[in-house]
Amino acid sequence: MTNEVIAIASDHGGFDYKEILKSELENMGYEVADLGCHDNSSVDYPDYANKLADALKDGTADRGVLICGTGIGISIAANRHKHIRAALVHDALTARLTREHNNANVLVLGGRTTGIETAKDCLNVFFNTEFEGDRHQRRIDKMS
Ligand code: RB5
């Protein structure tokens with residue numbers, strides 16, 4: 001068990017992946033805060049991006065995972081919040097680099113565009129890669 005709480009949320013396009021990735025996170029030793037959605041009924045992805053952003057802001061969770069059909073809409077919505085650095089990734093390489101270079105605090109995946117085994121790889125790499133700091137911190141500071 002780690003001390004970190006990971007919030008996870010999706011729209012209907014990411015619901016099935018959310019259920020699978022939630023179990024993966026629990027197996028990795030994280031406490032998981034599931035912010036919905038809770039079935040395959042059609043919902044609006046900004047609502048779930050906003051819920052997750054609120055959870056990171058009020059300290060309910062430390063980092064997050066968001067999933068929609070493509071991952072695009074929910075990452076655009078999440079990145080409207082200044083404290084969020086949400087990275088839509090498609091493979092282990094981008095999952096690693098966004099942690100090392102961008103210190104991304106939210107992993108975003110597309111439930112209709114990325115295979116589930118690749119999505120699990122991304123999850124594992126993202127949560128096991130440290131930020132490199134240094135010149136990358138300077139660049140992040142310029143966005144704050
Ligand atoms: C929902 O149909 C779909 O538009 C959404 O999951 C996402 O792909 C939007 O970017």
Side-chain angles (χ1 to χ4, degrees), residues 2 4-133 136-144:
T2 79
E4 255 191 299
V5 178
I6 309 299
I8 189 165
S10 74
D11 74 354
H12 53 289
F15 171 71
D16 292 340
Y17 274 36
K18 176 172 69 66
E19 296 303 296
I20 295 166
L21 298 178
K22 185 168 70 173
S23 300
E24 288 285 309
L25 285 165
E26 286 165 351
N27 290 339
M28 289 159 72
Y30 292 108
E31 185 181 332
V32 180
D34 183 350
L35 306 179
C37 61
H38 298 294
D39 58 36
N40 291 109
S41 312
S42 182
V43 292
D44 299 334
Y45 58 79
D47 296 339
Y48 293 90
N50 291 342
K51 277 180 195 242
L52 188 131
D54 289 347
L56 267 60
K57 189 159 205 170
D58 70 19
T60 306
D62 301 291
R63 292 192 280 173
V65 178
L66 287 170
I67 314 141
C68 71
T70 58
I72 297 171
I74 210 160
S75 60
I76 292 172
N79 279 315
R80 302 233 160 172
H81 298 266
K82 279 194 171 171
H83 63 293
I84 299 293
R85 289 180 303 282
L88 172 58
V89 310
H90 292 99
D91 51 34
L93 176 63
T94 46
R96 176 170 64 79
L97 288 172
T98 198
R99 286 289 309 129
E100 288 178 352
H101 291 194
N102 313 122
N103 200 13
N105 55 3
V106 178
L107 171 70
V108 188
L109 294 159
R112 296 173 181 156
T113 54
T114 299
I116 188 62
E117 293 306 323
T118 301
K120 287 184 197 172
D121 272 355
C122 292
L123 189 81
N124 269 284
V125 170
F126 187 89
F127 286 102
N128 285 297
T129 303
E130 295 300 319
F131 177 48
E132 285 182 351
H136 302 299
Q137 184 62 56
R138 185 180 69 237
R139 292 160 187 164
I140 289 170
D141 290 342
K142 289 189 175 185
M143 294 190 283
S144 301

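Atoms within a ligand are numbered from 1 in the order they appear, just like the ligands themselves. FYI, side chains are in, hydrogens and waters are out, and symmetry mates aren't considered; it's all heavy atoms of this structure.
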State, yes or no, whether a side-chain contact exists between [X] and [Y] at a heavy-atom distance under 4.5 Å.
X	Y	answer
Leu88	Ile72	yes
Asn103	Arg85	yes
Phe127	Val65	yes

- prompt: With a 4.0 Å cut-off, strictly under, does atom 4 (O) of ligand 1 pick up any protein heavy atom?
  reply: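 Not a single protein heavy atom is under 4.0 Å away.
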field: Backbone or side-chain N or O of Gly73 under 3.5 Å from ligand 1 N or O
entry: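 The answer is yes, given that Gly73 and ligand 1 share an N or O pair closer than 3.5 Å.
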- prompt: Counting heavy atoms only, which part of Thr70 comes closer than 4.0 Å to ligand 1: side chain, backbone, both or neither?
  reply: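 Thr70 to ligand 1: contacts from backbone and side chain alike.
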task: Give a yes or no on whether the backbone of Ala77 and the side-chain of Tyr45 come within a donor-acceptor separation of less than 3.5 Å.
output: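 Flag not set: sc Tyr45 to bb Ala77 has no pair under 3.5 Å.
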message: When you compare the side chains of Ser144 and Asp141, does any donor N or O come within less than 3.5 Å of an acceptor on the partner?
response: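 Looking only at side-chain atoms, Asp141 and Ser144 do not form any donor-acceptor pair under 3.5 Å.
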- request: Tell me yes or no: between the side chains of Asn50 and His81, is some donor less than 3.5 Å from an acceptor?
  value: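 Indeed, the side chains of Asn50 and His81 share at least one donor-acceptor pair under 3.5 Å.
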If the cut-off is 4.0 Å to any non-hydrogen atom of [X], which atoms of ligand 1 fall inside it?
X	value
Tyr45	9 (C)
His12	1 (C), 2 (O)
Gly69	5 (C), 6 (O), 7 (C), 8 (O)
Arg112	1 (C), 2 (O), 3 (C)
Asp11	1 (C), 5 (C), 6 (O)

- request: Tell me which protein heavy atom sits closest to atom 7 (C) of ligand 1, plus the residue, atom name and distance to 0.1 Å.
  value: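 In this structure, atom 7 (C) of ligand 1 has Cys68 SG, 3.3 Å as its nearest protein heavy atom.
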- request: First locate atom CG of Leu109, then atom CG of Leu21, and finally report the distance between them rounded to the nearest 0.5 Å.
  value: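 Atom-to-atom, Leu109:CG and Leu21:CG are 6.5 Å apart.
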